[in-house]
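Structure, as structure tokens:
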Amino acid sequence: RRRQDDVGLGRSPRCVTLRLGTWNCRMALRRKRDAIEELQCSVLVIQECAEADLAPYDEYRFKGPAQKGLAVITFDGWSIADSPDDPRLPGMIFVRILNPSGEHVADFGGVWALTGTERKYHEQFAQVLDFVRARTSVLPLVIAGDLNASAQGPSVLPHAVNVRSAAALGLVSVFHHVDRVEHGSESAMTLRWMGPGGVERRYHCDFVFASEQLCNEATRVEVGDWGEWIESGRSDHVPVVAEFEV
């Protein structure tokens with residue numbers, strides 16, 4: 001699924017393309033390297049991966065239990081650096097994104113709303129937004145990952161509050177911005193959840209939020225094909241990838 005937006009056209013030839021994505025791989029990442037390559041990301045957030053399965057990648061950060069955690073991986077000359085502003089939240093890896101020339105072009109939080117914590121899913125994203133509210137950096141910011149909350153339920157109202165809070169902080173979902181769709185009106189879902197009795201439910205709960213400054217440089221957003229990513233058995237999530245000129 002691809003959309004082209006004219007807001008990113010006519011940029012300086014010094015600009016380079018940043019492809020930034022998120023995908024909950026549902027474990028066994030070692031068997032899904034072809035899927036990672038297909039995404040052609042510069043920076044990719046992966047949820048539900050084992051730390052040992054990251055060994056083939058040159059640069060990454062990992063957080064969580066060794067068998068099932070959160071990772072941020074870089075490719076094609078892009079790199080990440082630890083940030084002194086890291087709030088050290090259990091479900092977020094906060095780093096600086098460096099372009100292939102080594103320039104710090106954006107701050108980045110890869111997130112995964114976790115089970116088994118004292119905070120509900122929407123409360124964890126609210127905690128991330130509290131950090132954003134106190135942040136002093138003026139560089140563009142991206143928050144991307146699996147929020148486990150959506151306009152489809154079950155936390156519809158708290159999720160809507162978080163979306164409004166994000167907007168007040170200048171953070172916008174790139175998918176909704178580029179496709180010009182309202183939260184709750186999505187036709188592209190990112191998660192298949194099998195409920196009691198085998199009832200299938202679909203949610204749009206994987207997001208790339210970007211500061212308005214960066215969102216206006218977005219040229220494309222891709223939500224993975226349902227058959228290719230879910231019905232094939234790769235995962236119960238599809239990836240979301242946003243492309244920017246920075």
F207/H159 aromatic ring centres below 6.0 Å: yes
Proximity of Y60 and F75 rings by center, below 6.0 Å: no
Whether F209 and H183 hold their rings parallel, tilted or perpendicular, with breakpoints at 30° and 60°: parallel
For the [atom1] atom on [X], are there more than 12 heavy atoms of other groups (residues, nucleotides or ligands in this structure) within a distance under 6.0 Å?
| X | atom1 | value |
| --- | --- | --- |
| W226 | CH2 | yes |
| D58 | CG | no |
| E228 | CD | yes |

Taking 4.0 angstrom as the limit, do [X] and [Y] come out as a salt bridge?
| X | Y | value |
| --- | --- | --- |
| D82 | R61 | yes |
| D76 | R19 | no |
| R220 | D179 | no |

Within-4.5 Å side-chain heavy-atom neighbours: S83 and V95: no
Non-neighbouring partners of E200 that pass salt bridge (Lys or Arg N to Asp or Glu O under 4.0 Å), sequence neighbours left out: R192, R202
Derivation and outcome, salt bridge (charged side-chain N to carboxylate O under 4.0 Å, His left out), residues D146 and R26: CA-CA 12 Å; D146 175 7; R26 201 182 187 188; over 6 Å; no
How long is the straight-line distance from [atom2] of [Y] back to [atom1] of [X], given to the nearest 0.5 Å?
| X | Y | atom1 | atom2 | value |
| --- | --- | --- | --- | --- |
| E222 | Q40 | CD | CD | 8.5 Å |
| I143 | S173 | CD1 | OG | 13.0 Å |
| C49 | W23 | SG | CH2 | 10.5 Å |

Cation-pi geometry met for R201 and W193 (6.0 Å, 45°): no
Test salt bridge (charged side-chain N to carboxylate O under 4.0 Å, His left out) applied to D107 and R135, step by step: CA-CA 11 Å; D107 293 330; R135 175 175 170 265; 2.8 Å; yes
Polar contact flag, side-chain donor to acceptor under 3.5 angstrom, E243-T17: no
Side-chain donor-acceptor pair present, Q152, E186, cut-off under 3.5 Å: yes
Donor-acceptor contact below 3.5 Å, side chain T117 vs main chain R119: yes
L98 backbone acceptor or donor facing W78 side chain under 3.5 Å: no
Identified side chain to side chain contact (heavy atoms under 4.5 Å, CB included) counterpart of T190 within the set N24, I230, V223, D236: V223
